[in-house]
Amino acid sequence: MSFPRHRARRLRRSEGLRGLVRETRLSAAGLVYPLFVCPGTKVKKEVGSMPGVYQQSVDQIVEECREMEGLGLPAVILFGLPETKDPRGRSSLEDAGVVQRAIEAIRKAKLKLLVITDVCLCEYTDHGHCGVIEDGEVCNDATLPILAEQAVSHARAGADIVAPSDMMDGRVGAIRQSLDGNGFLDVAILSYAAKYCSGFYGPFREAADSTPQFGDRRSYQMDPANAREAEKEVAQDIEEGADMVMVKPALPYLDIIHRVREKFDVPVAAYNVSGEYAMVKAAAARGWLDEKRVVLEVLTGIQRAGASIIMTYHAKDAARWLKQG
Ligand code: PBG
């Protein structure tokens, strides 16, 4: 297979040829757009560290969803900025909560869009941790029933898929049991199975107002140095009933996405997180990177590694660029 009989450049000579032999075809059909729901009406407040990303009231969220549908995007993932916070994140369970009202409004607008909800406590607790605190520590087992109740409340409002991102052990099983017990047999679980303790979540914590008020998330999120452990986390979540699994963040963890794709037979999602978005936006704003080119390259890379679903703040831009061809 050597030169001169084989010339790799033969198949790179035109866009037609390159298109014919292309192994990865990025499409808007696999992109999920994250939205941040806040109280009020006609609120649309840009997140400083995430240009083009907003905290929005329910009415604005519905408009965004309409636009997404027009762009051929299949799904939205909702995060809530509640009116009130307390140590147990009770505002995450209310029928009139921000996320619940947003789901209902999207349903009422008769959009085909799939609604995914982030299930976690950090946006709703006054201490900003993803679980309840007992004796100064994030308590695993006491958090499970609250997460399960939150998932059921999202399902009742009309969510198609719930996505637990808290990293408590056993939450997928607890959520599946509660969903089934309440008759939501067909609401799917997309588990943030391999979620690393990452510096790349920085801008999100501004967007979702969910910065831990003490300590950090190292006692529940994964150590960035571990890959085999990710396989164990994924296996456990599938065993507990996860329909799909997610690796998060995406770019520093492409090897993990690849491993999970090779080893498991459920759909694999990856979260192209806030810090990854902010890096590209900051460099593009200075003219240091070509935004369109880099975004499409990043998303292609994540898909090539093995993710068929990508959660990304670039979703709307990418869908527009893909449409233009
Ligand atoms: C936690 C949650 C986080 C993100 C999604 N869900 C933040 C965290 O764990 O601190 C991060 C998403 C991003 O950075 O874009 N509920």
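Note that this is a predicted model, so its numbers are computed, not measured. Atoms within each ligand, like the ligands themselves, are counted from 1 in listed order.
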Heavy-atom contact under 4.0 Å between Met311 and ligand 1?
no
Return yes if some donor-acceptor pair links the side-chain N/O of Lys248 with the main-chain N/O of Ala194 below 3.5 Å, else return no.
no
Counting only heavy atoms, tell me which of Phe204, Tyr271, Tyr196 gets closest to atom 7 (C) of ligand 1.
Phe204
Identify whether the distance between the nearest side-chain nitrogen and carboxylate oxygen of Lys232 and Glu229 falls below 4.0 Å.
no
Looking at Lys248, which atoms of ligand 1 are within less than 4.0 Å of one of its heavy atoms?
2 (C), 3 (C), 4 (C), 5 (C), 6 (N), 11 (C), 12 (C)
Quick one: ring pair (Phe, Tyr, Trp, His ring centres under 6.0 Å) pairs with a partner in residues 13-59, sequence neighbours left out?
Phe36-Phe79, Phe36-Phe204
Does Met167 have a heavy atom less than 4.0 Å from any atom of ligand 1?
no
For ligand 1, which atoms have a heavy atom of Ser165 less than 4.0 angstrom away?
1 (C), 2 (C), 6 (N), 16 (N)
May I ask you to identify the nearest protein heavy atom to atom 2 (C) of ligand 1, giving residue, atom name and distance to one decimal place in Å?
Lys195 NZ, 3.2 Å
Considering only heavy atoms of Cys122, which atoms of ligand 1 have at least one such atom less than 4.0 Å away?
1 (C), 16 (N)
Distance filter under 4.0 Å to Tyr313 heavy atoms, resulting ligand 1 atoms
12 (C), 13 (C), 15 (O)
Between Arg176 and Asp180 (salt bridge meaning N to carboxylate O under 4.0 Å), is one present in this structure?
yes
Working for side-chain hydrogen bond (donor to acceptor under 3.5 Å, both in side chains), residues Ser165 and Asp118:
CA-CA 7 Å; Ser165 69; Asp118 186 83; 3.1 Å; yes
May I ask you to identify, for Asp118, whether its side chain, its backbone, both or neither come under 4.0 Å of ligand 1 on a heavy-atom basis?
side chain
Atoms of ligand 1 close to Phe79 [distance to a heavy atom under 4.0 angstrom, numbered from 1]:
5 (C), 6 (N)
Please list, in number order, the atoms of ligand 1 under 4.0 Å from a heavy atom of Glu123.
16 (N)
Is Asp135 reaching over with its side chain to a backbone N or O of Glu137, donor-acceptor style, under 3.5 angstrom?
no
Tell me, which protein residue and heavy-atom name are nearest atom 14 (O) of ligand 1, and how many Å apart are they?
Ser274 OG, 2.7 Å
Applying side chain to side chain donor-acceptor pair (under 3.5 Å), which residue pairs with at least one partner in residues 196-205 are found, sequence neighbours left out?
none
If you apply the rule side-chain hydrogen bond (donor to acceptor under 3.5 Å, both in side chains), what do you find for Ser49 with Glu206, and how did you get there?
CA-CA 8 Å; Ser49 51; Glu206 183 194 344; 2.6 Å; yes
